[in-house]
Amino acid sequence: MAAEIHPKPQARKPVLLSKIDAIQDVVNTAVIIPKEDGVITVSEDRTVRVWLKRDSGQYWPSVYHTMPAPCTCMSFNPETRRLSVGMDSGEVAEFILAEDYNKMTPSKSYQAHQGRVTVVLFVLEMEWVLSTGQDKSFTWHCSESGQQLGTYRTTAWVSGLQFDVETRHAFVGDHSGQVTILKLEQDNCSLVTTFKGHTGSVTALCWDPVQRVLFSGSSDHSIIMWDIGGGKGTAIELQGHNEKVQGLSCAPHTRQLISCSSDGGIVIWNMDVTRQETPEWLDSDSCQRCEQPFFWNFKQMWDSKKIGLRQHHCRKCGQAVCGKCSSKRSTIPLMGFEFEVRVCDSCHESITDEDRAPTATFHDSKHSIVHMHFEPTRGWLLTSGTDKVIKLWDMTPVVS
């Protein structure tokens, strides 16, 4: 069912501990059970499974439960062992797991949405079940009475959800690339603000309640750190993925961010550094270095008898420049550019080797990731792939 792996220790790399590969369809969501050698999975094949590690070193299902519709997402609360499962039918079903994780007892269900449930989140402190769906709605229910407390219509179907218990703020990321902040009350909500920095859909959200920052990942390959608590409205870009960002998680004790993408990339970001906002791109009809006209500036082209040039932008200063004045490339890690980007010649000369020191490490999971879950007490990471395989990683060599 599942192979135990005994890897040779390697410095500064995630260590692959185990694989679970006896799964018939893609696992949409999976979590590591804290303080147990166990994993819970929900899948498109309509199954909810609890995998426990046996004496043989392999993971075998101790619970195998078939749902009435494909399982799209879930939320697990270890303190109460409460499992909330979202389905393709729009229903959210709740279960209570036994102490030994060998039995799953149905608790209640909510017809929360008219379409596929995209995210479900149980908030123990409020006794609320939050959920989002492809019907462009965000709802919250009372987990004690089962009553719907409120709903909010979004502009696009929602793909990310986080909640801050202290302020009762819900962070809702949608397919248009927008993030909405809502203030929730017992039976209503109010719109706090919306912000948009991605050119693609929001695919992952992660809230850091200690630093009061929100991370959003997108299909545009980027991550943005929104400083919610600082009150300054700063937004820091992190560019380190080549494909869609599929998962984000904070390592709270080490000031690190873990991100995964659909090409199998795992990136560990050092957030304990002073990062800089990327500049806004400036508008100009001519190169702001050599003053050569750009190709739409017909008047200057005619007056100077010169051919118009294509416009580029320096990623460090934001100035509009021609190709000749921006022929150099450089990484700018403190601005989030871990890959080489275009900079003007003047900025290239000002960037020192110290400025180029990387603030992230890059690793390959060797499968196309659809979901990730980080368990901070042990420092384990779970990745689920399109190859229908779950991999468990020891991240302590890189998250410490």
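Note that the structure is predicted; figures quoted are calculated from it, not measured.
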Tell me, with the steps shown, if E237 and T278 meet side chain to side chain donor-acceptor pair (under 3.5 Å). CA-CA 7 Å; E237 285 188 48; T278 52; 3.3 Å; yes
Would you sort out whether K316 and D355 count as a salt bridge (charged side-chain N to carboxylate O under 4.0 Å, His left out), showing the intermediate values? CA-CA 12 Å; K316 190 173 189 297; D355 294 332; over 6 Å; no
Yes or no on side chain to side chain donor-acceptor pair (under 3.5 Å) for E44 and N28, after CA distance, side-chain angles and deciding distance? CA-CA 7 Å; E44 284 289 335; N28 286 318; 2.9 Å; yes
Just do the side chain to side chain donor-acceptor pair (under 3.5 Å) check on R54 and S56 with the steps written out, would you? CA-CA 5 Å; R54 308 303 182 182; S56 63; over 6 Å; no
Given side chain to side chain contact (heavy atoms under 4.5 Å, CB included), test V129 with E94 step by step and report yes or no. CA-CA 10 Å; V129 177; E94 282 197 344; 3.0 Å; yes
Run the numbers on L83 and V48 for side chain to side chain contact (heavy atoms under 4.5 Å, CB included), then give the verdict. CA-CA 10 Å; L83 180 67; V48 178; 3.8 Å; yes
Taking it one step at a time, do S384 and H371 satisfy side chain to side chain donor-acceptor pair (under 3.5 Å)? CA-CA 5 Å; S384 169; H371 173 78; over 6 Å; no
Could you go step by step and tell me if M271 and F215 meet the side chain to side chain contact (heavy atoms under 4.5 Å, CB included) rule? CA-CA 11 Å; M271 302 310 297; F215 297 95; 3.8 Å; yes
Show your working on side chain to side chain contact (heavy atoms under 4.5 Å, CB included) between N102 and L97 and close with a plain yes or no. CA-CA 8 Å; N102 282 305; L97 290 168; over 6 Å; no
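When atom types are taken as modelled, the side chain of T203 and the backbone of V245 share a donor-acceptor pair closer than 3.5 angstrom. In this structure, T180 contributes its side chain and T194 its backbone to no donor-acceptor pair below 3.5 Å. A donor-acceptor pair under 3.5 Å links the side-chain atoms of H373 to the main chain of I32, judged by distance alone. Formation of a donor-acceptor pair under 3.5 Å by the N77 side chain with backbone atoms of R81 is not found in this model. Counting only distance, with no hydrogens or angles, the side chain of Q239 and the backbone of S222 share no donor-acceptor pair below 3.5 Å. Without hydrogens or angle criteria, Q246 side chain to I369 main chain gives a donor-acceptor distance under 3.5 Å. Without hydrogens or angle criteria, Q288 side chain to A320 main chain gives a donor-acceptor distance under 3.5 Å. A donor-acceptor contact shorter than 3.5 Å is absent between the side chain of S109 and the backbone of V92. A donor-acceptor pair under 3.5 Å links the side-chain atoms of S218 to the main chain of S201, judged by distance alone. Under a 3.5 Å cut-off, the side chain of H313 and the backbone N or O of L282 do form a donor-acceptor pair.
Considering every non-hydrogen atom in both T151 and W140, the closest pair reads N-CZ3, 3.6 Å. Closest non-hydrogen pair, C260 versus M372, comes out as SG-SD, 3.3 Å. Closest heavy-atom contact between T155 and S176: OG1-OG, 4.1 Å. Among all heavy-atom pairs drawn from I23 and W51, the shortest one is CG1-CZ2, 3.8 Å. The minimum heavy-atom distance linking C317 with C344 is given by the pair SG-SG, 4.0 Å. When all heavy atoms are compared, the tightest approach of M335 to R315 is SD-O, 3.8 Å.
Aromatic ring pairs are classed by plane angle as parallel below 30°, tilted from 30° to 60° and perpendicular above 60°; the pair Y110 and H141 is tilted. In this pair, H198 and W226 present their aromatic rings perpendicular. The plane angle is above 60°, beyond the 30 to 60° band.
Looking at K35 and E375, no side-chain N of the basic residue comes within less than 4.0 Å of a carboxylate O on the acidic one, giving no salt bridge. Checked for salt-bridge contact, R275 and D227 miss the test: no charged N lies under 4.0 Å from a carboxylate O. Salt bridge absent: D387 and K391 never bring a charged side-chain N and a carboxylate O closer than 4.0 Å. Comment: R212 engages E166 in a salt bridge, judged by a side-chain N to carboxylate O separation of less than 4.0 angstrom.
In terms of hydrophobic clustering, with Ile, Leu, Val, Met, Phe, Trp and Tyr side chains grouped at heavy-atom distances under 4.5 Å, I40 and V85 are assigned to a common cluster. The cluster map of Ile, Leu, Val, Met, Phe, Trp and Tyr, joined by side-chain heavy atoms under 4.5 Å apart, puts M67 and V39 in different clusters. I332 and F339 are members of different hydrophobic clusters when ILVMFWY side chains are connected at heavy-atom separations under 4.5 Å. Tracing side-chain contacts under 4.5 Å through hydrophobic residues (I, L, V, M, F, W, Y), one never reaches F138 starting from F171; they form parts of separate clusters. Linking Ile, Leu, Val, Met, Phe, Trp and Tyr residues whenever their side-chain heavy atoms come within less than 4.5 Å leaves I223 and L214 in two separate clusters.
The shortest distance between side-chain heavy atoms of D164 and Q162 does not fall below 4.5 Å. Side-chain contact between L184 and L182 is present, with at least one heavy-atom pair separated by less than 4.5 Å. Counting heavy atoms from C-beta outward, F195 and I181 have side chains that approach closer than 4.5 Å. Contact of the V120 side chain with the L130 side chain is not registered, since no non-hydrogen atoms from C-beta on lie closer than 4.5 Å.
Between the side chains of S143 and R82, at least one donor N or O sits under 3.5 Å from an acceptor N or O. A donor and an acceptor atom, one from each side chain of S131 and H113, are located under 3.5 Å apart. With 3.5 Å as the limit, one finds no donor-acceptor pair spanning the side chains of W269 and T359. Side chain to side chain, S330 and R356 meet the donor-acceptor criterion of an N or O pair below 3.5 Å. Side chains of T352 and E354: a donor-acceptor N/O pair is absent below 3.5 angstrom, by distance only. Judged by distance alone, the side chains of T66 and R46 never bring a donor and an acceptor atom under 3.5 Å apart. Remark: the T118 side chain and the T132 side chain contain an N/O donor-acceptor pair separated by less than 3.5 Å.
To the nearest 0.5 Å, the span separating OG on S216 from CD1 on I224 amounts to 5.0 Å. Remark: F122 CZ to S84 OG distance equals 6.5 Å, nearest 0.5 Å. With rounding to the nearest 0.5 angstrom, the CD atom of Q58 is 10.5 Å from the CD1 atom of I20.
Within 6.0 Å of atom CG in D283, 12 or fewer heavy atoms from other residues, nucleotides or ligands are found, so the atom counts as exposed in its surroundings. Summarising the local packing, NZ of K183 is surrounded by more than 12 heavy atoms from other residues, nucleotides or ligands at distances under 6.0 Å. Q114 CD: 12 or fewer foreign heavy atoms inside a 6.0 Å radius.
For the side-chain contact (heavy atoms from CB on, under 4.5 Å) with W393, the lone residue among V398, L381, V399, L382 that qualifies is L381. Exactly one of D263, T383, T386 qualifies for a side chain to side chain donor-acceptor pair (under 3.5 Å) with H367. That residue is T383.
Aromatic ring centroids of W207 and F163 lie 6.0 Å or more apart.
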